[in-house]
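The block underneath contains the structure these notes are about, expressed in structure tokens.
Both backbone and side-chain heavy atoms feed into the values below; hydrogens, waters and symmetry mates do not.
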Amino acid sequence: MLSLPQALPLPIPRLTRAVEARLHQVRAHPLLNPVAFEELWRERAGHAVDSVHRPHLLAALGWLERAQDATGAGGFARGYSLAWSPYFKSRGWQPAYPETTGYIIPTLYEAARYLNRPDLASRAERAARWEVEIQLPSGAVRGGVMGERTSPAVFNTGQVLFGWLAAFAHSGSGVFAGAARRAACFLLAMLDADGLWRRGNSRFADSQATLYNTRTAWGLAEAGRRLGAPEFTAAAARNLRAVARLQHDDGWLPDCCLTDRMRPLLHTVAYGIRGLLEGGGVLEDARLVAHAALAAERIAAAVGPDGRLPGRFAAGWSPAAPWSCLTGEAQMANIWLRLFEITGERKWLEPVGPVLRFLKSTQNRTSRDPGLRGGVKGSFPLGAEYGPFQTLNWATKFFADALIRDERVGCGIAREAETAADAVLA
């Protein structure tokens, strides 16, 4: 006769997992997390918006400083959980995130120069050295956060490449040039003959929906230019031109999302557009810039009077989510500003003002909670699909980039920003 555990080997583990999942949901509920509950209530009316950017910029940079200090290593915490996180099984600062630390580095170098803050440049170099320490033997950068299973990731490698190139430009150190070259060699080895990256992608990605890797190609093109390696530039051109051929006539970029290829996130769509735009600039290929402009124009047309955009789109640029992806909005502000810098056409500035006002209204600059104060959240409302109940380091980074870039444009020095190497890399 079988014992009860032998007779029911499957239902008991399933029941256990179901109960645990339900307990996690309850524990993560905002009613049980006072900081999250208060922020949900306060954001309904919107936070105070200063007429100038500087107070918002300084608050964002202060958040990034705390995110780096929280890890005690050099990398930046992925984000901050305002409510108990079922994924991280904690509330508060999350582990260091190599991918986004990589492209925060150029932001800190640019902010250091712009604000005359050498301390920010020191932080950038510390982060770049940390990235060298954890680079994989293959030259790749790992996917996910520190502490998770180690696996190489193409996109993450491309993003850290920006950081090493910025550190090399600032310091002249061969340590950073060597790391960048190893990373670029890994990217080259993973690129398929048709110019697309299907191998070596993060385990969190859909290998058939990674056209946002144009941003990786941009990094590879920069590596070719800065390291004197035309093979890197040629590989970047193959990817960018392959993606441009797949783009629809209305500018739509298919297969451009981690989780839903039919309704891609604004965040990943913006990655794809920025890669075409900046990669086209490096390659001096006006057609690639035009491909980026076509998509950017369609998204600009979707900006509401309050500056909000849908967090997801479907083919034909149909809104596909009622909530806003704050990261994607900050990225699009940067793209429109870059298009103005490149073309001089004032139409690109029209959506920037409303979007930045909206983003500023979501930034809590007065909270006593150090992980909320000054940071930019994943979604609006706070509990929506993307990064729910979290402030995110990449959202805060792109917001800071946009504020600096918009201040430059407002001061009439957009061309200086275009030619400043690290400003472009940010």
Electrostatic pair [X]:[Y] at N-O distance under 4.0 angstrom:
| X | Y | answer |
| --- | --- | --- |
| D50 | K360 | no |
| D69 | R66 | no |
| D306 | R357 | no |
| E131 | R126 | no |
| K397 | D401 | yes |
| E125 | R129 | yes |
| R117 | E65 | yes |
| R225 | E222 | yes |
| E341 | R408 | no |
| E39 | R42 | no |

Atom pair [atom1] ([X]) and [atom2] ([Y]), whose distance is rounded to the nearest 0.5 Å:
| X | Y | atom1 | atom2 | value |
| --- | --- | --- | --- | --- |
| N393 | T101 | CG | OG1 | 6.0 Å |
| I404 | L61 | CD1 | CG | 6.0 Å |
| M190 | L187 | CE | CG | 9.0 Å |
| L283 | E278 | CG | CD | 11.5 Å |
| R338 | T343 | CZ | OG1 | 10.5 Å |

Pair [X]-[Y], side-chain donor/acceptor within less than 3.5 Å:
| X | Y | value |
| --- | --- | --- |
| T259 | R312 | yes |
| H56 | Q363 | yes |
| Q331 | R274 | no |
| S81 | R91 | no |
| E43 | T362 | no |
| R142 | Q135 | no |

Working note: Q159 + V154, criterion side chain to side chain contact (heavy atoms under 4.5 Å, CB included); need CA distance, chi angles, decisive distance, verdict. CA-CA 9 Å; Q159 307 325 297; V154 162; over 6 Å; no

Students often mix this up, so state it plainly: with edges at 30° and 60°, are the rings of W93 and W63 parallel, tilted or perpendicular?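 Tilted, since the angle between the ring planes falls between 30° and 60°.
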
When you measure from the centre of the six-membered ring of W41, is the NZ or CZ of R44 closer than 6.0 Å and no more than 45° off the axis?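 Yes.
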
Partners meeting side-chain hydrogen bond (donor to acceptor under 3.5 Å, both in side chains) with E148 (sequence neighbours left out):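 Applying side-chain hydrogen bond (donor to acceptor under 3.5 Å, both in side chains) to E148 gives Y87.
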
Is R287 atom CZ crowded by more than 12 heavy atoms from other residues, nucleotides or ligands, each under 6.0 Å away?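 Open: at most 12 neighbouring heavy atoms sit under 6.0 Å from CZ of R287.
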
Exercise: identify the closest heavy-atom pair between V355 and V303: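 Nearest pair, atom of V355 first, then V303: CG2-CG1, 3.9 Å.
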
Exercise: identify the closest heavy-atom pair between I299 and L309: O-CD2, 3.5 Å

Quick one, R215 with Y103, criterion side chain to side chain contact (heavy atoms under 4.5 Å, CB included). Give me CA distance, side-chain angles, the key distance, then yes/no. CA-CA 11 Å; R215 189 176 164 93; Y103 61 41; 3.4 Å; yes

Can you pull out every ring-ring contact (aromatic ring centres under 6.0 Å, His included) where at least one residue sits in residues 268-302? Sequence neighbours excluded, please. F155-Y271, H267-Y271

Given Y97, which of F76, Y80, W394, F88 fulfils the ring-ring contact (aromatic ring centres under 6.0 Å, His included) condition? W394

Quick one: does any side-chain atom of N334 pair with a main-chain N or O of F398 as donor and acceptor, under 3.5 Å? yes

Is the ring centre of W130 less than 6.0 Å from the ring centre of W164? no

